[in-house]
Enquirer: 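Take this structure first; my questions come after.
Bear in mind that the values here come from a model prediction, so they are computed numbers and not experimental data. Because only heavy atoms are used, hydrogens play no part in the values below, and waters and symmetry mates are left out as well, while side chains stay in.
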Amino acid sequence: MKIPALPLKKLITCAVVLLTLVDSSAQMDITTEQYREDLLFLQKTVHEDFPFLFKKTTAADFDQKVAELYEAIPNMEDHEVLVGLARLVASFEYGHTVLGYWENVIPIHQLPIVLYQYDDGIYLQGVHKDYAPALGTRLLAVEGMPVEEVLKKMRPVVPAENDQFVKAYGIHYLTFPEFLHAQGVIRKLSSTITLTLEKDGKTLKQKVKAVPLERFPRQYGMVVPGEDWLESRDLSETPLYLKNLDRICYYEYLPEHKTIYVRQSQIQDDSIQPIPEFYKEVFDFIDENEVEKLILDVRLNGGGNNYKNKPVVTGVIASQKINQPGKFFVILGRRTFSACQNLVNELHNYTNAIFIGEPTSENINFYGDNRPVTLPNTKINAYLSFAWWQDKPQWENKPALYPQIATGLTFEQYRTNEDPALEAALSFTGENFIADPMRYFTELFTSGQMDKILPEAKRMLKDPAYAFFDFEGEFNKTGYNLLNQESLQEAIYVFQLNTSLFPESANTWDSLAESFWKSGNIEKAREFYNKAISLDPDGPTGENARAMLDQMSREEKEKN
C-alpha cells in the first residue's frame, strides 16, 4: 500500500513486518485513495442494493463504522484494511454475509493447527507433525493474552449469527496472525506466534510458525490425519458420526437398540446415491424390519440445496412407525447451518422430532444465498446475502433452534470416542421428559395445579437436559402477554414466580415492578424498581428502573 509521508517509526515497523512474515514478497500495490474508493463503493452498494440487511445493525451505525475506517486507512497496513473490511461486513451478523478473505487477494497466513472449542476449553484437536508435542493440549493464551480475552477481541470479525457459529466457523480466525494483529491480540505482526498450552496439569509454551493461507486437510471442521497431520482422537475406533465421512449420507442399523442411525452431512446428493433414493432405502428398511427409533444426525451439516429437504421431511411424516413422540430424534450441532437450518425448522414444524445436542449456528429465520460484490480496485469480494428464509412466524424467530435435550462434549469424551448426544437418543425413555416446558406450565396453571409450577420449574432448572431452555425469558414473555391482555393478577403471579426462580436477575424485578405499577400498587412498584436498581446499578435495567421511578414521580405531581 502506498502511503505518503509515513513517520519513521511506521516505516521501521513496516520493514520489520516485511522481514518477519512468511512469504511476504507478495505485497499489494493499492493506494490510500483506492482503498477508500473501495470502501465507499461497498457502502454505496449496501445502501442501494442490500438495505434489507440493516436488521441487527442500523444504517447510521454502519455509516459510522465506514467513516471510522475511512479516516484510519492512511495509517493502516494492507492486512489491517482487509480486517477492517471483514469487520464491517461481519457487523450485519448473518453467517452468509462475509468478506472473502480466503481468496487471498491480500495475502494472509495461518498457523498449522486446528482448534476446537469443547465444553472444558479450546483444544488443539489437530496439528501439523512439526508440532506434535502440542497435540491435544488446551489453549490458555495467545502471546500472553488469555484466550477468553482473545475470543472477545476476535468476535467482531466473525460474521456470526450466534455464539454457536463462532464455535464452529469463527474459531479458525484465532489462527490468522494478520487478524490477531489487526484486532489487537498481538502487538507486532509476526509469522511466529507463542501459544501458552496446558496438558496433564502442566503448562508449556509452543512457538508456531504461520504458513501462507492454504486449505489444511480438514473435514467438517476437524483435521484429517495423514502423513503430515496428527489427530488427537483415539483412532483405534470411530464413533458413528465420524464414520464414512466420504459419504454425504450414511445409515446403519443398530439391532441391539432396534434403531436406524442416519448421518447426513450436507444437503446435497451423494455421488453414490441421490437424496431421494437414499431416504427411500432408509424408510423401506424401517417398514420391513424391526425398527423402533430413527436417529437423524445433522450436527456436521452446513447446508447445501434447500430443495433437497423434501424427501427427508415427507418421509418422516409418512412413517407412522417413526413419526411418534419418542421414536424420532434429530441430533443438532454447532455446524447445523444454512439449508440444514431450514431442514430442522421443517422437522420441528411438521414432525414429532425430539431435538438433542447443541443449538444450531443459524437464526431460525435468516438471510442467506449471497452474491459477490467485487470491490473495484482490490478485487476483494464481499459476499452479501439477499434471500430471506422464513420457516416460522416472526414471533417464533430465535437466535438458533435449541435442543430439547442438551448434551455437550468434553475433550476427553472426544478423545475417547464417546458420543453423549447419541447415547441420550438411544437411552431415551420419555420418563419425566417435557418437550415443551411452557406448554406444560400453562396446562398446570389452567388446570388449577399452580402449586406444582414452581417445584417443577426448579427441577427442570437443575436438569442439564434443559440447559438451552430460556426459563427466565419465557416466563417473562408470558408475563407480558398477560399484562398486555390486562390480566393483571395473573401477570403478577408469573412475574413473582420468575423472581423466585431468578432472584439475582434485575430484569425479573423490573418486570414485577411494572406489573404492580399497572395494577395501581405504587408502593410495591417503587420497592421492586429499587430492587432492580440495586442489582444492576450501572446497567440498562437499572437505568430503565430509574426512568420509571422518575415517570411515576412526575405523574404523581401532575395528579396533585
Enquirer: Report yes if the side chains of Leu296 and Val312 come closer than 4.5 Å at any heavy-atom pair, otherwise no.
Expert: yes
Enquirer: If you take all heavy atoms of Pro112 and Ala210, which pair is closest and at what distance?
Expert: CD-CA, 4.5 Å
Enquirer: State yes or no: are the ring centers of Phe355 and Phe329 separated by less than 6.0 Å?
Expert: no
Enquirer: Taking C-beta and beyond as the side chain, do Asn323 and Val316 meet within less than 4.5 Å on heavy atoms?
Expert: yes
Enquirer: Aromatic contact between Tyr116 and Tyr118, with the criterion being ring centroids under 6.0 Å apart: yes or no?
Expert: yes
Enquirer: Salt bridge between Glu456 and Arg459, side-chain N to carboxylate O under 4.0 Å?
Expert: yes
Enquirer: Please confirm whether Phe469 and Tyr466 have ring centers closer than 6.0 angstrom.
Expert: no
Enquirer: So, Phe285 versus Tyr279, ring centres under 6.0 angstrom or not?
Expert: no
Enquirer: Can we call the ring centroids of Trp102 and Tyr383 under 6.0 Å apart?
Expert: yes
Enquirer: Keeping Asn244 on the side-chain end and Asp246 on the backbone end, is there a donor-acceptor pair under 3.5 Å?
Expert: no
Enquirer: Looking only at atom types and distance, does a side-chain atom of Glu178 sit under 3.5 Å from a main-chain N or O of His109, one as donor and one as acceptor?
Expert: yes
Enquirer: If only side-chain N and O atoms count, and only distance matters, is there a donor-acceptor pair under 3.5 Å linking Glu103 with Asn381?
Expert: yes
Enquirer: Tell me yes or no: between the side chains of Arg233 and Asn417, is some donor less than 3.5 Å from an acceptor?
Expert: yes
Enquirer: Could you tell me whether a side-chain N or O of Thr351 sits under 3.5 Å from a main-chain N or O of Ala353, the two making a donor and an acceptor?
Expert: yes
Enquirer: Nearest heavy-atom pair of Val313 and Glu346: which atoms, and what distance?
Expert: CG2-OE1, 3.5 Å
Enquirer: Scan side-chain atoms only and decide if Ser191 and Lys209 contain a donor-acceptor pair under the 3.5 Å cut-off.
Expert: yes
Enquirer: Under 6.0 Å between ring centres, would you say that holds for Tyr261 and Tyr251?
Expert: no
Enquirer: I'd like to know whether Lys280 forms a salt bridge (charged side-chain N to carboxylate O under 4.0 Å, His left out) with Glu277, so could you lay out the CA-CA distance, the side-chain angles of the two residues, the decisive distance to 0.1 Å, and finally the verdict.
Expert: CA-CA 5 Å; Lys280 183 182 185 307; Glu277 185 180 310; over 6 Å; no
Enquirer: Quick one: do Tyr101 and Tyr173 satisfy ring-ring contact (aromatic ring centres under 6.0 Å, His included)? Show the steps, please.
Expert: CA-CA 11 Å; Tyr101 69 87; Tyr173 285 78; 5.3 Å; yes
Enquirer: Do Gln183 and Val157 come close enough that some side-chain heavy atom pair is under 4.5 Å?
Expert: yes
Enquirer: Atom NZ of residue position Lys310 - does it have more than 12 heavy atoms of other residues, nucleotides or ligands inside 6.0 Å?
Expert: no
Enquirer: With no hydrogens and no angle check, is any side-chain donor or acceptor of Asn349 less than 3.5 Å from a backbone partner on Asp391?
Expert: yes
Enquirer: Decide, yes or no, whether a salt bridge links Glu362 with Lys398 under the criterion of side-chain N to carboxylate O below 4.0 Å.
Expert: no
Enquirer: I want to know whether Phe92 and Phe62 have ring centres closer than 6.0 Å.
Expert: yes
Enquirer: Would you indicate whether the side-chain heavy atoms of Ile260 and Ile295 approach each other to under 4.5 Å?
Expert: no
Enquirer: Keeping Asp369 on the side-chain end and Ala387 on the backbone end, is there a donor-acceptor pair under 3.5 Å?
Expert: no
Enquirer: Test Asp470 against Lys477 for salt bridge (charged side-chain N to carboxylate O under 4.0 Å, His left out), laying out the working first.
Expert: CA-CA 11 Å; Asp470 182 10; Lys477 184 167 67 174; over 6 Å; no
Enquirer: Within a radius of less than 6.0 Å around CD of Gln394, do more than 12 heavy atoms belonging to other residues, nucleotides or ligands occur?
Expert: no
Enquirer: For Arg415 and Asp234, run salt bridge (charged side-chain N to carboxylate O under 4.0 Å, His left out): C-alpha distance rounded to whole Å, both residues' side-chain angles, the deciding distance at 0.1 Å, then the answer.
Expert: CA-CA 6 Å; Arg415 191 188 69 79; Asp234 176 8; over 6 Å; no
Enquirer: Out of Asn363, Thr360, Thr97, which residue meets the side-chain contact (heavy atoms from CB on, under 4.5 Å) rule with Glu161?
Expert: Asn363
Enquirer: Where the side chain of Asp120 meets the backbone of Thr410, is there a donor-acceptor pair that is under 3.5 Å apart?
Expert: no
Enquirer: Would the distance check show the side chain of Gln266 and the main-chain N or O of Gln268 forming a donor-acceptor pair, the cut-off being under 3.5 Å?
Expert: no
Enquirer: In sequence, state the C-alpha distance, the side-chain angles, and the governing distance for Leu139 and Ile113, and then conclude on side-chain contact (heavy atoms from CB on, under 4.5 Å).
Expert: CA-CA 11 Å; Leu139 179 63; Ile113 59 175; over 6 Å; no
Enquirer: Hey, would you say the Tyr367 and Phe386 ring centroids sit under 6.0 Å apart?
Expert: no
Enquirer: Is Leu422 close to Asp297 at the side-chain level, that is, under 4.5 Å between some pair of heavy atoms?
Expert: no
Enquirer: Can any side-chain N or O of Ser232 pair as donor or acceptor with the backbone N or O of Gln125 at less than 3.5 Å?
Expert: yes
Enquirer: Taking all non-hydrogen atoms of both residues into account, name the closest pair between Tyr123 and Gly136 and its distance.
Expert: CD2-O, 3.6 Å
Enquirer: For Lys327, does its backbone N or O pair with a side-chain atom of Gln324 as donor and acceptor, under 3.5 Å?
Expert: no
Enquirer: Would you call the rings of His128 and Tyr131 parallel, tilted or perpendicular if under 30° counts as parallel and over 60° as perpendicular?
Expert: perpendicular
Enquirer: Does the side chain of Val127 reach to within under 4.5 Å of the side chain of Val114, using non-hydrogen atoms?
Expert: no
Enquirer: Would you say the side chain of Glu252 lies within less than 4.5 Å of the side chain of Lys243, judging by non-hydrogen atoms?
Expert: yes
Enquirer: Using 0.5 Å steps for rounding, measure from the OG1 atom of Thr407 to the CD atom of Glu358.
Expert: 7.0 Å
Enquirer: Checking Asp284 side chain against Asp287 main chain: does a donor-acceptor pair fall under 3.5 Å?
Expert: no
Enquirer: Could you pull out the closest heavy-atom pair between Ala382 and Val89, with the gap in Å?
Expert: CB-CG2, 4.3 Å
Enquirer: Between Thr336 and Arg334, do the side chains contain an N or O donor and an N or O acceptor separated by less than 3.5 Å?
Expert: no
Enquirer: Do the side chains of Arg155 and Asp163 get close enough for a salt bridge, i.e. N-O under 4.0 angstrom?
Expert: yes
Enquirer: Ring centres of Trp388 and Phe52 under 6.0 Å apart?
Expert: no
Enquirer: Do the charged groups of Arg299 and Asp419 touch, with an N to O distance under 4.0 Å?
Expert: yes
Enquirer: In sequence, state the C-alpha distance, the side-chain angles, and the governing distance for Glu231 and Lys129, and then conclude on salt bridge (charged side-chain N to carboxylate O under 4.0 Å, His left out).
Expert: CA-CA 10 Å; Glu231 147 77 277; Lys129 65 181 181 181; over 6 Å; no
Enquirer: May I ask you to check whether His79 and Phe179 place their ring centers less than 6.0 Å from one another?
Expert: no
Enquirer: Shortest non-hydrogen contact from Ile267 to Cys340?
Expert: CG1-N, 3.9 Å
Enquirer: For side-chain hydrogen bond (donor to acceptor under 3.5 Å, both in side chains), just list the numbers for Gln341 and Asn345, CA-CA rounded to whole Å, side-chain angles, deciding distance to a tenth of an Å, and then say yes or no.
Expert: CA-CA 6 Å; Gln341 180 68 51; Asn345 288 345; 2.9 Å; yes
Enquirer: Assess whether atom CD of Glu256 is packed by more than 12 heavy atoms of other residues, nucleotides or ligands within 6.0 Å.
Expert: yes
Enquirer: Where do His96 and Phe337 land on the ring-ring contact (aromatic ring centres under 6.0 Å, His included) test, with the steps shown first?
Expert: CA-CA 10 Å; His96 294 83; Phe337 181 70; 4.7 Å; yes
Enquirer: How close do Val105 and Pro107 get, heavy atom to heavy atom, and via which atoms?
Expert: O-CD, 3.6 Å
Enquirer: Can you confirm whether Thr259 sits close enough to Leu426 that some side-chain heavy atom of one is under 4.5 Å from a side-chain heavy atom of the other?
Expert: yes
